[in-house]
Amino acid sequence: MRISKQAVASLVVALSVGSAAAAVIAADAFHDRHMAMEAVGDAMKPLAAIAKKQAPFDAAVVKTNATTIADNLKKASTLFPAGSGGGDSLAKPEVWSDPAGFEKRMKDAHAAAVALQAVSDEAAYGPALGALGGNCKGCHDKYRLPKK
């Protein structure tokens with residue numbers, strides 16, 4: 001069987017386009033998850049201020065920021081396709097080698113953020129924020145490299 005030069009060239013072009021498309025998808029996923037996680041970090045700041053008594057307890061502030069966190073955790077959990085690590089990513093290889101564990105951590109953190117949305121009194125705030133923070137820390141400890 002003889003393969004024409006045109007067939008080989010077409011195959012090379014198709015593979016190159018496919019590789020380029022995969023690289024774009026990975027880059028987009030990295031950027032999108034980075035932005036989602038930055039939004040989570042930004043939403044934690046007013047919650048931390050309340051916990052440290054630098055700001056008064058305000059159920060509306062809690063709900064708004066917990067909603068931002070829940071929404072962005074849900075979004076980020078879908079943004080770790082194979083090949084989107086490395087480079088500037090802080091994601092450890094364990095994100096992809098232990099996908100079930102990573103998915104559980106993301107779901108647990110999301111559930112804690114959803115629970116925090118419902119907090120309407122200061123007495124329940126500390127434990128609910130602690131649950132969210134513990135979930136975030138557990139995920140970061142196993143699945144995120146230290147910030148540079």
Side-chain angles (χ1 to χ4, degrees), residues 9-148:
S10 295
L11 180 60
V12 168
V13 168
L15 289 174
S16 296
V17 169
S19 295
V24 167
I25 290 168
D28 287 347
F30 166 74
H31 176 266
D32 291 348
R33 76 172 175 249
H34 175 77
M35 297 308 294
M37 297 310 279
E38 286 291 318
V40 168
D42 289 345
M44 285 296 286
K45 291 172 185 172
L47 300 177
I50 293 170
K52 295 175 185 175
K53 307 289 187 201
Q54 296 168 341
F57 176 80
D58 182 332
V61 169
V62 172
K63 184 173 185 170
T64 297
N65 286 286
T67 299
T68 297
I69 291 167
D71 291 349
N72 280 285
L73 287 174
K74 186 174 184 178
K75 178 181 178 182
S77 69
T78 67
L79 298 172
F80 288 86
S84 65
D88 290 334
S89 175
L90 296 179
K92 289 182 178 178
E94 287 84 346
V95 168
W96 298 278
S97 66
D98 179 22
F102 178 70
E103 183 178 325
K104 181 179 181 340
R105 286 285 187 181
M106 290 293 282
K107 283 183 179 180
D108 289 350
H110 178 262
V114 169
L116 185 59
Q117 289 174 327
V119 169
S120 60
D121 65 89
E122 194 168 0
Y125 179 69
L129 183 63
L132 175 60
N135 277 291
C136 291
K137 182 182 182 324
C139 192
H140 287 182
D141 287 350
K142 184 163 184 179
Y143 299 104
R144 189 183 87 172
L145 296 168
K147 287 190 175 185
K148 300 171 188 174

- Would you check if Ser89 and Arg33 make a side-chain contact, meaning some heavy-atom pair closer than 4.5 Å? yes

- Taking only residues at least two apart or on different chains, which pairs with a member in residues 36-83 satisfy ring-ring contact (aromatic ring centres under 6.0 Å, His included)? Phe57-Tyr125, Phe80-Phe102

- Message: Just so I know, are the side chains of Thr68 and Val40 near enough to count as touching, which here means a heavy-atom distance under 4.5 Å?
- Response: no

- Separation of Ile69 CD1 from Met44 CE (nearest 0.5 Å): 5.0 Å

- Message: Check whether Ser84 reaches the backbone of Pro81 with its side chain - one donor and one acceptor, N or O, closer than 3.5 Å.
- Response: yes

- Query: Out of Lys104, Lys92, Lys142, Glu103, which residue meets the side-chain contact (heavy atoms from CB on, under 4.5 Å) rule with Asp98?
  - Reply: Lys142

- Query: Can Lys53 and Glu122 be counted as an ion pair, charged N to O under 4.0 angstrom?
  - Reply: yes

- Query: Do Arg105 and Asp108 meet the salt-bridge criterion of a basic N to acidic O distance under 4.0 Å?
  - Reply: no

- Query: Should the pair Asp71-Lys75 be classified as a salt bridge under the 4.0 Å nitrogen-to-oxygen rule?
  - Reply: no

- Backbone N/O of Ala131 and side chain of Asn135: donor-acceptor pair under 3.5 Å: yes

- Note on the structure: Scanning both residues in full, the closest heavy-atom pair of Ala109 with Leu132 reads O-CD1, 3.5 Å

- Note on the structure: Taking every heavy atom of Trp96 against every heavy atom of Ala91, the minimum-distance pair comes out as CH2-CB, 3.6 Å

- Message: Within the 4.5 Å heavy-atom criterion, are Lys45 and Asn65 side-chain neighbours or not?
- Response: no

